[in-house]
**Q** 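Quick one: the structure is below, and I'll ask about it shortly.
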Amino acid sequence: MHLLFDRRGTPAGELTPAELVELLRFPVPPSDAWLRTNFVATVDGSITGADAASGSISPESDQHHFALHRALCDAVVVAGGTARSEGYRAVDLADWQRDVRAAEGLAPYPTLVVVTASADLDPQIATPAHGTGGPVVVATTTSAPAARLDPLRAAGIEVLQLGADAVDLRAVLDDLAGRGQPRLLCEGGPALHRDLLALGLVDELLLTHAPQVVGGPGSRTTHGDGLEEPVDLALAYVLHADDDALFTSYRTLPEKPVGRLE
Ligand SMILES: NC(=O)c1ccc[n+]([C@@H]2O[C@H](COP(=O)([O-])OP(=O)(O)OC[C@H]3O[C@@H](n4cnc5c(N)ncnc54)[C@H](OP(=O)(O)O)[C@@H]3O)[C@@H](O)[C@H]2O)c1
């Protein structure tokens, strides 16, 4: 991976794996969560390819980048829609990801947190397709139907009921930070991303620019009502991979003060 720009002044050039981890490591605020969102989009702005999923537009380097961010977070946060359409299950990791986590002092696996008002999820989400996998939490409302929650609980899923008619997203993030999981990686989708931005809860936006044009009706990285105010961003770094994917990281303004967890 080649560093093109780092606003902290790191000279441009090829990064070693250790330098890439250093760049991507989560900054952690003293008593708060850090929420990073991660999307891949084509040059014409679509977050899906012809198969209505993101895998077909994700270059090989993006798949590694996606996996590295999973290796560095405490929890993967995903919307019910994306969890259903992309077939999410408890997060399992490759040996190299577990090595990164061990070196960083993180728990062996990140928690998967699914945000859903309907709680319309298959209980098999509790376990990964292969391997061991981390815990799964469903974040929903106090009005979610028991008939849907009971099978999830029976499968070993923790159910958080925060908010009456709508999921209280701020309370979800606070809950995770409060249990020692402040490094939060939101993998979408666009409706959840829009809501998190509208509430001022996103600290960092990652966008992989895939070197493709696909046309079609694909969503942007946000979907839903326009924001009352645009969210202004500051470019943090830009990476280039051999397969011509570009990786950008933006911080939302004003920036949250951060330190690092020891
Ligand atoms: N390219 C990429 O990087 C990328 C990343 C992620 C997703 N995607 C694509 O995005 C598409 C899915 O998008 P989508 O329109 O289904 O949007 P989405 O944001 O993935 O899912 C919307 C659903 O998530 C739940 N949800 C979202 N925000 C919520 C909130 N504030 N409170 C409670 N529940 C909330 C609701 O689920 P319930 O209906 O269960 O209540 C809602 O119906 C897929 O095609 C996927 O491939 C692409």
Side-chain angles (χ1 to χ4, degrees), residues 35-59 61-67 69-70 76-88 91 112-123 125 136-145 147-149 151-152 157 159-173 175 184-202 204-214 216-225 227 245-250:
L35 183 68
R36 168 180 289 176
T37 63
N38 188 18
F39 282 86
V40 57
T42 62
V43 169
D44 57 338
S46 177
I47 62 162
T48 53
D51 56 354
S54 57
S56 62
I57 60 163
S58 171
S61 63
D62 181 59
Q63 288 165 36
H64 179 73
H65 179 260
F66 179 91
H69 282 286
R70 281 190 161 193
V76 172
V77 180
V78 70
T82 293
R84 287 187 290 268
S85 63
E86 299 268 355
Y88 268 66
V91 178
L112 177 67
V113 181
V114 187
V115 178
T116 168
S118 70
D120 181 11
L121 296 170
D122 187 327
I125 200 169
V136 178
V137 171
V138 165
T140 189
T141 65
T142 51
S143 49
R148 286 201 171 137
L149 298 182
L152 297 176
I157 293 171
V159 175
L160 277 181
Q161 292 181 274
L162 295 168
D165 299 320
V167 178
D168 184 338
L169 296 175
R170 189 181 303 274
V172 173
L173 305 191
D175 183 284
L184 306 180
L185 174 67
C186 177
E187 295 181 344
L192 178 61
H193 194 210
R194 182 256 165 228
D195 292 347
L196 290 166
L197 285 163
L199 290 166
L201 296 175
V202 178
E204 180 182 5
L205 280 78
L206 305 179
L207 180 61
T208 302
H209 302 258
Q212 275 188 4
V213 173
V214 294
S219 172
R220 295 157 30 212
T221 66
T222 61
H223 176 74
D225 293 341
L227 302 180
L246 276 181
F247 299 86
T248 53
S249 164
Y250 298 88

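FYI, side chains are in, hydrogens and waters are out, and symmetry mates aren't considered; it's all heavy atoms of this structure. One-based numbering, in listed order, for ligands and for the atoms of each.
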**Q** Is the shortest N/O to N/O distance between T116 and ligand 1 below 3.5 Å?
**A**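 Yes.
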**Q** Does only the side chain of H223 get under 4.0 Å from ligand 1, or the backbone, or both, or neither? Count heavy atoms.
**A**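 Looking at H223 and ligand 1, no heavy atom falls under 4.0 Å.
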**Q** To check your reading of the model: name the closest protein heavy atom to atom 38 (P) of ligand 1, its residue, and the distance in Å.
**A**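 Looking at atom 38 (P) of ligand 1, the protein heavy atom closest to it is S118 OG, 3.3 Å.
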**Q** Would you indicate which of L199, D168, L192, V167 comes nearest to atom 32 (N) of ligand 1 when only heavy atoms are counted?
**A**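 Residue with the shortest heavy-atom distance to the ligand atom: V167.
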**Q** Inspect the surroundings of CZ in R170 and state if more than 12 heavy atoms from other residues, nucleotides or ligands are less than 6.0 Å away.
**A**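 Not more than 12 within 6.0 Å, no.
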**Q** Please check if a non-hydrogen protein atom sits closer than 4.0 Å to atom 9 (C) of ligand 1.
**A**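 Within 4.0 Å: yes, protein heavy atom nearby.
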**Q** With heavy-atom distances below 4.5 Å as the criterion, would you say the side chains of Y88 and L112 are in contact?
**A**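 A side-chain contact under 4.5 Å exists here.
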**Q** Please verify whether a non-hydrogen atom of R84 lies at under 4.0 Å from ligand 1.
**A**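 Distance cut 4.0 Å: R84 passes for ligand 1.
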**Q** S85 near ligand 1, heavy-atom distance under 4.0 Å?
**A**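 Yes.
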**Q** What I want to know is whether A191 and ligand 1 share at least one N or O pair that is separated by under 3.5 angstrom.
**A**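 N/O-N/O distance below 3.5 Å exists for this pair.
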**Q** Heavy-atom pairs closer than 4.0 Å: do any link ligand 1 to the side chain of L169, the backbone, both, or neither?
**A**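 For L169, the contact with ligand 1 is made by the side chain alone.
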**Q** Measure the shortest side-chain to side-chain distance between H193 and C186 over non-hydrogen atoms and say whether it is less than 4.5 angstrom.
**A**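 Not touching, per the 4.5 Å side-chain cut-off.
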**Q** Give a yes-or-no answer on whether the side chains of E86 and S54 include a donor-acceptor pair shorter than 3.5 Å.
**A**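 Yes.
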**Q** For ligand 1, is there an atom lying under 4.0 Å from some heavy atom of E86?
**A**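 For ligand 1, residue contact (heavy atoms, under 4.0 Å) with E86 is present.
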**Q** Before you tell me yes or no, could you show the steps for D62 and I57 under side-chain contact (heavy atoms from CB on, under 4.5 Å), namely the whole-Å CA-CA distance, both residues' side-chain angles and the distance that decides it to 0.1 Å?
**A** CA-CA 9 Å; D62 181 59; I57 60 163; over 6 Å; no
**Q** Among all protein heavy atoms in this structure, tell me which lies nearest to atom 30 (C) of ligand 1, with the distance rounded to 0.1 Å.
**A**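 Ranked first by proximity to atom 30 (C) of ligand 1 is D195 OD2, 3.7 Å.
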**Q** Is the shortest N/O to N/O distance between A53 and ligand 1 below 3.5 Å?
**A**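 In fact, backbone or side chain, A53 has no N or O that close.
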**Q** Taking side chain as C-beta onward, heavy atoms only, is P190 less than 4.5 Å from T221?
**A**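 Not touching, per the 4.5 Å side-chain cut-off.
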**Q** Can you find a heavy atom in the side chain of D122 that is under 4.5 Å from one in the side chain of R84?
**A**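 Counting from C-beta outward, D122 and R84 never come under 4.5 Å.
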**Q** Out of curiosity, is S219 lining ligand 1, as in a heavy atom under 4.0 Å away?
**A**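 No, that is not the case, since the closest heavy atom of the residue is not under 4.0 Å from the ligand.
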**Q** Mind listing the closest non-hydrogen atom pair of T141 and Q161 along with its distance?
**A**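 Scanning both residues, the minimum pair turns out to be O-NE2, 3.0 Å.
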**Q** Just need the protein heavy atom nearest to atom 15 (O) of ligand 1, so name the residue and atom and give the distance.
**A**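 For this ligand atom, the closest protein heavy atom is P190 CG, 4.1 Å.
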**Q** Going from OG1 on T248 to NE2 on H209, what distance comes out if it is rounded to the nearest 0.5 angstrom?
**A**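 Reported value, rounded in 0.5 Å steps: 3.5 Å.
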**Q** Can you check whether I47 has an N/O within less than 3.5 Å of an N/O in ligand 1?
**A**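 Checking ligand 1 against I47, an N or O pair does fall under 3.5 Å apart.
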**Q** Does atom 36 (C) of ligand 1 have any protein heavy atom closer than 4.0 Å?
**A**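 No, there is none.
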**Q** In terms of residue, atom name and distance, what is the protein heavy atom nearest to atom 6 (C) of ligand 1?
**A**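 For atom 6 (C) of ligand 1, the nearest protein heavy atom is E187 O, 3.1 Å.
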**Q** Any N or O on A119 sitting closer than 3.5 Å to an N or O of ligand 1?
**A**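 In this structure, A119 places no N or O atom under 3.5 Å from an N or O of ligand 1.
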**Q** Of the protein's non-hydrogen atoms, which lies at the shortest distance from atom 4 (C) of ligand 1, and what is that distance?
**A**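 Nearest protein contact, heavy atoms only, for atom 4 (C) of ligand 1 is F39 CD2, 3.8 Å.
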**Q** Quick check: do T42 and V213 have side-chain heavy atoms less than 4.5 Å from each other?
**A**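 No. Closest side-chain heavy atoms not under 4.5 Å.
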**Q** Considering only non-hydrogen protein atoms, determine which one is nearest to atom 34 (N) of ligand 1 and report residue, atom name and distance to 0.1 Å.
**A**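 Scanning the protein heavy atoms, the shortest distance from atom 34 (N) of ligand 1 goes to A117 N, 3.4 Å.
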**Q** Locate the shortest heavy-atom distance separating A139 from V172; write the atom from each residue and the value.
**A**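 What the structure gives for the nearest pair is CB-CG2, 3.9 Å.
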**Q** In ligand 1, which numbered atoms sit nearer than 4.0 Å to a non-hydrogen atom of T48?
**A**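 Counting from 1, the qualifying ligand atoms are 9 (C), 45 (O), 47 (O).
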**Q** How close does the nearest protein non-hydrogen atom get to atom 18 (P) of ligand 1, and which residue and atom is it?
**A**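 Going atom by atom, the protein heavy atom closest to atom 18 (P) of ligand 1 ends up being A79 CB, 3.6 Å.
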**Q** Could you see which bit of T82 sits under 4.0 Å from ligand 1, with heavy atoms only: side chain, backbone, both or neither?
**A**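 Both backbone and side chain.
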**Q** Check T208 against A245 and note the closest heavy-atom contact, atom names and distance.
**A**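 Taking T208 first and A245 second, the nearest heavy atoms are CG2-CB, 4.2 Å.
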**Q** Return the OG1 to CG distance between T116 and L121, rounded to the nearest 0.5 Å.
**A**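 Result: 5.0 Å between the selected atoms.
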**Q** Which residue holds the protein heavy atom closest to atom 42 (C) of ligand 1, what is that atom called, and what is the gap in Å?
**A**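 The protein heavy atom lying closest is G81 N, 4.6 Å.
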**Q** Taking the side chain as every heavy atom from C-beta outward, state whether V214 and D44 have any pair of such atoms under 4.5 Å apart.
**A**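 Yes; the side chains approach each other to less than 4.5 Å.
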